[in-house]
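Working notes, structure below.
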Amino acid sequence: MSSVYRVSWLLSCAALASQGQPFQLPTANRALFEKGGEERFFVGTAGKTWETGTFGCVRNEGWKMHEGLDIRCLQRDKHSEPTDPVMATADGTVSYINTRPSLSNYGNYIILRHRIDGLEIYSLYAHLREVREGLKAGQSVKAGEAIAIMGRTANTREGISKDRAHVHFELNLFLNERFVTWYKKTFPDQRNDHGDWNGQNLLGLDPRLVLLAQHKEGVKFSLLNFVQHQTELCRALVRKTDFPWLKRYTALVRSNPKAAKEGIAGYEIALNFNGVPFELIPRAASEIKGKNKFQLLSVNEEENHKNPCRRLVSKNSGHWELTSHGIKMLELITY
């Protein structure tokens, strides 16, 4: 480990050792926790405010999703290129490294797997200048350990200018280990250069809210509680009884004595606006009406108006229905 990586890691570990918190900021930029510090923390899109560097429906007038945080650099070399170390947000294992920037709008990026509060969660660090030498999939890392150097790599036509250099940081839940098969079936003519680590197979939580909640609550912070209390966009009934999400995220499955007694015929699933299934309730056949594979049970109209960019539901002739995007999301969740 080079001296810059080593020093960064030791300082970060020391700073957090007494806090007992699962997540830390992925760079030395701590302006997120300072009053009025947003402009010093977030990098907005070209010509836009810092809000466009946050998570959610923040782009294209609220109709385009941004699934992470764009965190501003603090250090530059003599050529004005970023030199900030990028650090693991929590103890974990390297799941995937992409060092072929031409294959992704994320450029060079790293995905780490963590186990926190019984939940499998994945952090992603993108637009990296370089990945730490020797870092490879399967390797364990510690919270605060430097894993890369911030950069501005990407394969987009417009690129990332020096003044907008940043690390794109995500916290995700993993959808389905059968993703490659699902993708090939759903998009037979499209390439999938990253296998299971295709971005469509990761559903983001808002890292800003996670970090702020943890900063406020300290050791009382619970990731499981945070996920269980997502704002509901809609509820849907799926006529499937065996799919990977149930096993990977068992803590999100509620008990239902009726289904336990009569047998499970499907699941009622609550989704947030980004499609995260944060509550799953087994349902008996006697509790299910209709024969459709997917049934929309309810919609939170206020939340859909506030965060419409995923387009999971729509209202036609006074009736709410799942869109093609919503159906595709449920198909991937339950494949």
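Source: prediction; values computed, not measured.
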Please determine whether residues [X] and [Y] belong to a single hydrophobic cluster, defined as Ile, Leu, Val, Met, Phe, Trp and Tyr linked transitively by side-chain heavy-atom distances below 4.5 Å.
{"X": "L205", "Y": "I116", "value": "yes"}
{"X": "M329", "Y": "V238", "value": "yes"}
{"X": "F33", "Y": "F221", "value": "yes"}
{"X": "I288", "Y": "L280", "value": "no"}
{"X": "I71", "Y": "L74", "value": "no"}

Step through the shown structure and confirm whether more than 12 heavy atoms of other residues, nucleotides or ligands are within 6.0 Å of [atom1] on [X].
{"X": "Q190", "atom1": "CD", "result": "yes"}
{"X": "E39", "atom1": "CD", "result": "no"}
{"X": "K220", "atom1": "NZ", "result": "no"}

Does some side-chain heavy atom of [Y] sit less than 4.5 Å from a side-chain heavy atom of [X]?
{"X": "R59", "Y": "T45", "answer": "yes"}
{"X": "Y335", "Y": "K240", "answer": "no"}
{"X": "L233", "Y": "N272", "answer": "no"}
{"X": "K216", "Y": "L211", "answer": "no"}
{"X": "Y96", "Y": "N98", "answer": "yes"}
{"X": "I121", "Y": "L171", "answer": "yes"}
{"X": "V253", "Y": "P282", "answer": "yes"}
{"X": "R76", "Y": "E81", "answer": "no"}

**Residues which pass side-chain contact (heavy atoms from CB on, under 4.5 Å) with A31, listed by chain and number, not counting sequence neighbours** =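 Scan of A31 (side-chain contact (heavy atoms from CB on, under 4.5 Å), adjacent residues dropped) gives N29, E34, R40, F41.
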Out of curiosity, [X] [atom1] to [Y] [atom2], how far, rounded to the nearest 0.5 Å?
{"X": "L224", "Y": "H229", "atom1": "CG", "atom2": "NE2", "result": "9.5 Å"}
{"X": "Q200", "Y": "L175", "atom1": "CD", "atom2": "CG", "result": "10.0 Å"}
{"X": "F278", "Y": "I269", "atom1": "CZ", "atom2": "CD1", "result": "11.5 Å"}
{"X": "D117", "Y": "Q228", "atom1": "CG", "atom2": "CD", "result": "9.5 Å"}
{"X": "F226", "Y": "Q214", "atom1": "CZ", "atom2": "CD", "result": "11.0 Å"}

**Request:** State which residue, out of F174, Y109, F179, fulfils the ring pair (Phe, Tyr, Trp, His ring centres under 6.0 Å) condition with W197.
**Result:**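 The single option meeting the ring pair (Phe, Tyr, Trp, His ring centres under 6.0 Å) with W197 is F174.
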Of all heavy-atom pairs between [X] and [Y], which one has the smallest distance, and what is that distance?
{"X": "P244", "Y": "E177", "value": "CB-OE1, 3.3 Å"}
{"X": "V86", "Y": "L128", "value": "CG2-CD2, 4.0 Å"}
{"X": "C309", "Y": "G62", "value": "CB-O, 3.4 Å"}
{"X": "L25", "Y": "M87", "value": "O-CE, 4.3 Å"}
{"X": "P82", "Y": "I149", "value": "O-CG2, 4.1 Å"}
{"X": "D84", "Y": "C73", "value": "OD1-CB, 3.4 Å"}

**Item:** Aromatic ring proximity F55/H66, centre distance under 6.0 Å
**Value:**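 No; H66 has its ring centre 6.0 Å or more from that of F55.
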Would you kindly say whether [X] and [Y] are connected by a side-chain donor-acceptor distance under 3.5 Å?
{"X": "S123", "Y": "Y125", "result": "yes"}
{"X": "N105", "Y": "N155", "result": "no"}
{"X": "Y106", "Y": "E170", "result": "yes"}

With a 3.5 Å distance limit and no angle check, can you tell me whether [X] reaches the backbone of [Y] through a side-chain donor-acceptor pair?
{"X": "T52", "Y": "T49", "result": "yes"}
{"X": "N300", "Y": "E302", "result": "yes"}
{"X": "E145", "Y": "A88", "result": "no"}
{"X": "D77", "Y": "S80", "result": "yes"}
{"X": "T54", "Y": "E51", "result": "yes"}
{"X": "T241", "Y": "G266", "result": "no"}
{"X": "R132", "Y": "A146", "result": "yes"}
{"X": "N192", "Y": "V180", "result": "no"}

Tell me whether [X] is salt-bridged to [Y], with the criterion being a basic N under 4.0 Å from an acidic carboxylate O.
{"X": "E268", "Y": "R235", "result": "yes"}
{"X": "D206", "Y": "R208", "result": "no"}
{"X": "D163", "Y": "R152", "result": "no"}
{"X": "E321", "Y": "K315", "result": "no"}

**Item:** Apart from V58 itself, residues in the same hydrophobic cluster as defined by side-chain heavy atoms under 4.5 Å
**Value:**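 None; V58 is a cluster of one.
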**Item:** R100/D193 under salt bridge (Lys or Arg N to Asp or Glu O under 4.0 Å): CA gap, chis, key distance, verdict
**Value:** CA-CA 10 Å; R100 295 178 294 172; D193 294 309; 5.9 Å; no
**Asked** Does the side chain to side chain contact (heavy atoms under 4.5 Å, CB included) test come out yes or no for H114 and T93, once each step is laid out?
**Response** CA-CA 7 Å; H114 315 279; T93 305; over 6 Å; no
**Item:** All side chain to side chain donor-acceptor pair (under 3.5 Å) counterparts of E262, not counting sequence neighbours
**Value:**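 Per chain and number, E262 pairs via side chain to side chain donor-acceptor pair (under 3.5 Å) with K258, S286.
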**Asked** Hey, mind stepping through E287 and N256 against side chain to side chain donor-acceptor pair (under 3.5 Å) and telling me if it holds?
**Response** CA-CA 11 Å; E287 298 178 293; N256 178 9; 3.0 Å; yes
**Asked** What's the verdict on side chain to side chain contact (heavy atoms under 4.5 Å, CB included) for N274 and E67, showing C-alpha distance, side-chain angles and the deciding distance?
**Response** CA-CA 9 Å; N274 197 33; E67 212 155 2; 2.8 Å; yes
**Request:** List the steps, then state whether side chain to side chain contact (heavy atoms under 4.5 Å, CB included) holds for L69 with F42.
**Result:** CA-CA 7 Å; L69 308 182; F42 294 105; 3.8 Å; yes
**Request:** Check step by step if side chain to side chain contact (heavy atoms under 4.5 Å, CB included) holds for F273 and T231.
**Result:** CA-CA 8 Å; F273 80 89; T231 300; over 6 Å; no
